[in-house]
Protein chains: 2
Amino acid sequence: MLTERQRAILQAVVENYIRSAEPVGSRTIARLTGLNLSPATIRNEMADLEAMGYLEQPHTSAGRIPSYKGYRYYVDHLLTPEAIDRAWVEALERRFYARSVAIEEALRKTAAILAELTHYAVVALGPEVFTARLVKLEFVPLDEARAVTVLVTDTGHVEHKVVELPQGLSAEDLAHLVERINAELKGAAISTLAPKIHRLLAQAMESNREALFRAERFFEALLHPREEARLIVDGTTEIIAQPEFRSVDRVRELLKLFEAEEPLFTVLRQVEDGVQVHIGLEDVLGLGSPLSLVTATLTVGEGQRTTIGIIGPPRMDYAKAIGLLSALSFIFDAWRERGLG
Amino acid sequence: MLTERQRAILQAVVENYIRSAEPVGSRTIARLTGLNLSPATIRNEMADLEAMGYLEQPHTSAGRIPSYKGYRYYVDHLLTPEAIDRAWVEALERRFYARSVAIEEALRKTAAILAELTHYAVVALGPEVFTARLVKLEFVPLDEARAVTVLVTDTGHVEHKVVELPQGLSAEDLAHLVERINAELKGAAISTLAPKIHRLLAQAMESNREALFRAERFFEALLHPREEARLIVDGTTEIIAQPEFRSVDRVRELLKLFEAEEPLFTVLRQVEDGVQVHIGLEDVLGLGSPLSLVTATLTVGEGQRTTIGIIGPPRMDYAKAIGLLSALSFIFDAWRERGLG
DNA sequence: AGTTAGCACTCGTTCCGTCCGAGTGCTAAC
DNA sequence: GTTAGCACTCGGACGGAACGAGTGCTAACT
């Protein structure tokens, strides 16, 4: 659709705007591209690009900025992912290989590093507990009325809860039940645990229906490992330093978004595999101001995925974000293979 | 030192400024207090109060605002803590009594509620792991090379870590050692654990010095339960809505403070018992803009304290903050007694 | 002696007009 | 198809005027 020249101009506009955060005019483009064209010619082309919807003009006497369509075209056809910084990869690898570390910890560190590197915000889904497998369920009485239950998964994740002991069931009874659960259900996916425990309880306690009922309530409570969003967020101060957040209202809106967790959580859950660029998230997130997101899905265990994303203004450095996230999923693949081997 | 009238005027200025965030003038005071004095008289008194250092004038033709000294006098002599909202206390009590809950969880919820109620930020120290007592140490092998260790304390707190298995020591050996630790050290304070384990290991493995060395390294690693600041922060969006944070720079500064954790952590650690008001924290926190803090120390277990604080601009509603925190420590006392009984 | 009315003065805020510069679209010439 | 030239637009910075809230001081009042 676009001529070679138009593509060059579009690219120049996008990249310039990404760098400067200011609308870019024909003069700048004329100087910047190797096309050796006069500003007037560029102006004509830019008018065409605007008519086609790739560029926008904040007001008559300003330069052009890319529209979402323009960004999209840039991301899909013009951008070359930033070359991966070997030093960075090695630093990350050292961090992960050096010592064993639970996935959540790894994600947290990664998010912090990405935020520092990009100067954008980084969000990540906490590890999906449901698809992990049971390694051990622990039952630790604290006093007459309370106990701590601890659930350990094969990904090194630990889920714990203080629970009230059900009346009519002794701590010994419960410890016994937990023992049986461990013996029979080790290796089962957490998501399949509930019905299995159900069956097991029914089998073990068929004689005493009252106790069965109480035991079921007890295990049900502890097995609903908080569905609460486990959203990892970092780099808030970084993204706030971007010029688009010079207004306090926008900052407030962003912080609210991060605090609410839910909207971002659902977005991250629905992203497709691989590295994806989402331009203009404001409607899906219910925001008043535009936002972009570059996501990557990381495979962290057998059949377990998690998602990490870099959030910036639409004027974000997609090349860098894509480059970093590609490298990251590569590193995670290597880590996983080695970690499990 | 101050006459009754001066005290009344000072109080009126402080309370007005707290409400309006605008310098308050003589006219307003004349209308507001029941003193039935003309603005001119008030002006004379205010000039005196300024000379004594209780009030300040942003510029000649503006009203007065309290100085730190003025706030201090207000807090120490003039303020009446806000009456406690029974509904609030009951809501909190229900939350804590209703179901057993780990202290960290309780603190988090409390912080959220306080933030919503006050429209300021709330910070709290995570529970002090060191003074808690060991209930159980668990050792859960994940695969040939890694294991998860889980430490449960009497406060319902759980500390866990993925660790690498030391070469030359089998998982059985380690499980055995952990068993002995549990048998002999249950009830010991976490802070005293290290030397005790040391002795126990030496005793158990005197025959094999190489293995002893490795085991020591292993336990040492897992016993340093992250000294990382465990700072709970909530209400960022609330405090940001305060008029003093209309400038993005101040917002950024505040967010940096919350992210750094360390400065606030040390401040919270050093506060004295009871409800304390700290006016003007900027120097101790290394900030460019003023900030106040109202803290309360909460007793959460035998000999275990934690600190919670409400952060606001110096123009914060001290009466409300003090009222809420007093009520809170009362609730915690009741909770603790009941939780342990 | 304490209180108050009156008044000149200060200073931040808002409003408005001007100027400037960056950038555009259009036309006509190359 | 490209470019020089030019009139035009519009936001931003600058500066002065008007305004208003508030002060300090003096002189009069109780």
Side-chain angles (χ1 to χ4, degrees), chain A residues 2-10 12-17 19-67 70 243-244 246-247, chain B residues 2-10 12-17 19-67 70 243-244 246-248 315:
Chain A
L2 297 185
T3 68
E4 201 52 48
R5 200 165 72 181
Q6 284 170 328
R7 292 157 57 101
I9 291 174
L10 178 55
V13 171
V14 174
E15 289 178 354
N16 230 264
Y17 185 58
R19 242 184 309 114
S20 69
E22 307 264 292
V24 5
S26 54
R27 196 191 191 73
T28 320
I29 300 291
R31 244 186 296 113
L32 227 108
T33 62
L35 293 174
N36 260 15
L37 289 173
S38 79
T41 313
I42 305 285
R43 275 205 287 285
N44 290 329
E45 294 286 29
M46 297 214 309
D48 290 353
L49 282 168
E50 184 174 355
M52 287 187 278
Y54 293 101
L55 294 181
E56 291 174 354
Q57 219 173 353
H59 54 93
T60 357
S61 69
R64 302 300 208 295
I65 63 174
S67 65
E244 7 277 299
R246 243 172 286 163
S247 115
Chain B
L2 296 185
T3 67
E4 201 50 50
R5 200 166 72 180
Q6 283 170 330
R7 293 156 56 100
I9 292 175
L10 177 55
V13 171
V14 173
E15 289 178 353
N16 230 262
Y17 185 58
R19 239 182 315 112
S20 70
E22 308 262 291
V24 6
S26 52
R27 195 193 192 68
T28 320
I29 300 292
R31 243 187 297 112
L32 229 107
T33 64
L35 294 173
N36 259 13
L37 291 173
S38 79
T41 313
I42 305 284
R43 276 205 287 284
N44 289 330
E45 294 284 31
M46 298 214 309
D48 290 353
L49 283 168
E50 184 174 357
M52 290 188 276
Y54 293 102
L55 294 181
E56 289 174 354
Q57 218 174 355
H59 55 92
T60 358
S61 70
R64 303 299 208 295
I65 63 174
S67 66
E244 7 277 301
R246 243 172 286 162
S247 116
V248 188
R315 183 195 60 80

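Letters A, B, ... mirror the listed sequences (proteins, then strands); counts begin at 1.
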Residues pairing under ring-ring contact (aromatic ring centres under 6.0 Å, His included) where one sits in residues 27-64 of chain B, two or more places apart or in two chains, turn out to be Tyr54(B)-Tyr73(B)

Sequence neighbours excluded, the answer for salt bridge (charged side-chain N to carboxylate O under 4.0 Å, His left out) partners of Arg7(B) is Glu4(B)

Per the under-4.0 Å heavy-atom filter, residues of residues 37-46 of chain A near DNA chain C come out as Arg43(A), Met46(A)

Using a 4.5 Å cut-off on heavy atoms from C-beta on, say whether the side chain of [Y] contacts that of [X].
{"X": "Ile65(B)", "Y": "Leu55(B)", "result": "no"}
{"X": "Leu10(B)", "Y": "Leu2(B)", "result": "yes"}
{"X": "Met46(A)", "Y": "Gln57(A)", "result": "no"}
{"X": "Leu35(A)", "Y": "Ile9(A)", "result": "yes"}

In whole Å, what is the span from the [atom1] atom of [X] to the [atom2] atom of [N]?
{"X": "Arg31(B)", "N": "dT4(C)", "atom1": "CZ", "atom2": "P", "value": "16 Å"}
{"X": "Arg64(B)", "N": "dC11(C)", "atom1": "CZ", "atom2": "C1'", "value": "14 Å"}
{"X": "Leu35(B)", "N": "dG2(C)", "atom1": "CG", "atom2": "C1'", "value": "15 Å"}

Residue pairs meeting salt bridge (charged side-chain N to carboxylate O under 4.0 Å, His left out), one or both in residues 55-64 of chain A, sequence neighbours left out, come to Glu50(A)-Arg64(A)

By side chain to side chain contact (heavy atoms under 4.5 Å, CB included), Ser247(B) pairs with (sequence neighbours left out) Asp249(B), Arg250(B)

My understanding is that only residues two or more places apart in sequence, or in another chain, count here; which of them pass side chain to side chain donor-acceptor pair (under 3.5 Å) with [X]?
{"X": "Thr41(A)", "answer": "Ser38(A)"}
{"X": "Arg5(A)", "answer": "Glu45(A)"}
{"X": "Glu22(B)", "answer": "none"}
{"X": "Glu15(B)", "answer": "Gln11(B), Tyr74(B)"}

Nearest heavy-atom approach of Pro39(A) to Ser26(A) is O-CB, 3.5 Å

With both pairing distances under 3.5 angstrom for Watson-Crick or G-U wobble, and | for a partner in another strand, the correct string for DNA chain C is ||||||||||||||||||||||||||||||

Per the under-4.0 Å heavy-atom filter, residues of residues 50-63 of chain B near DNA chain D come out as Gln57(B), Thr60(B), Ser61(B), Ala62(B), Gly63(B)

So the contacted stretch of DNA chain D, first to last nucleotide with an atom under 4.0 Å from a non-hydrogen atom of chain A, runs from dT2(D) to dG11(D)

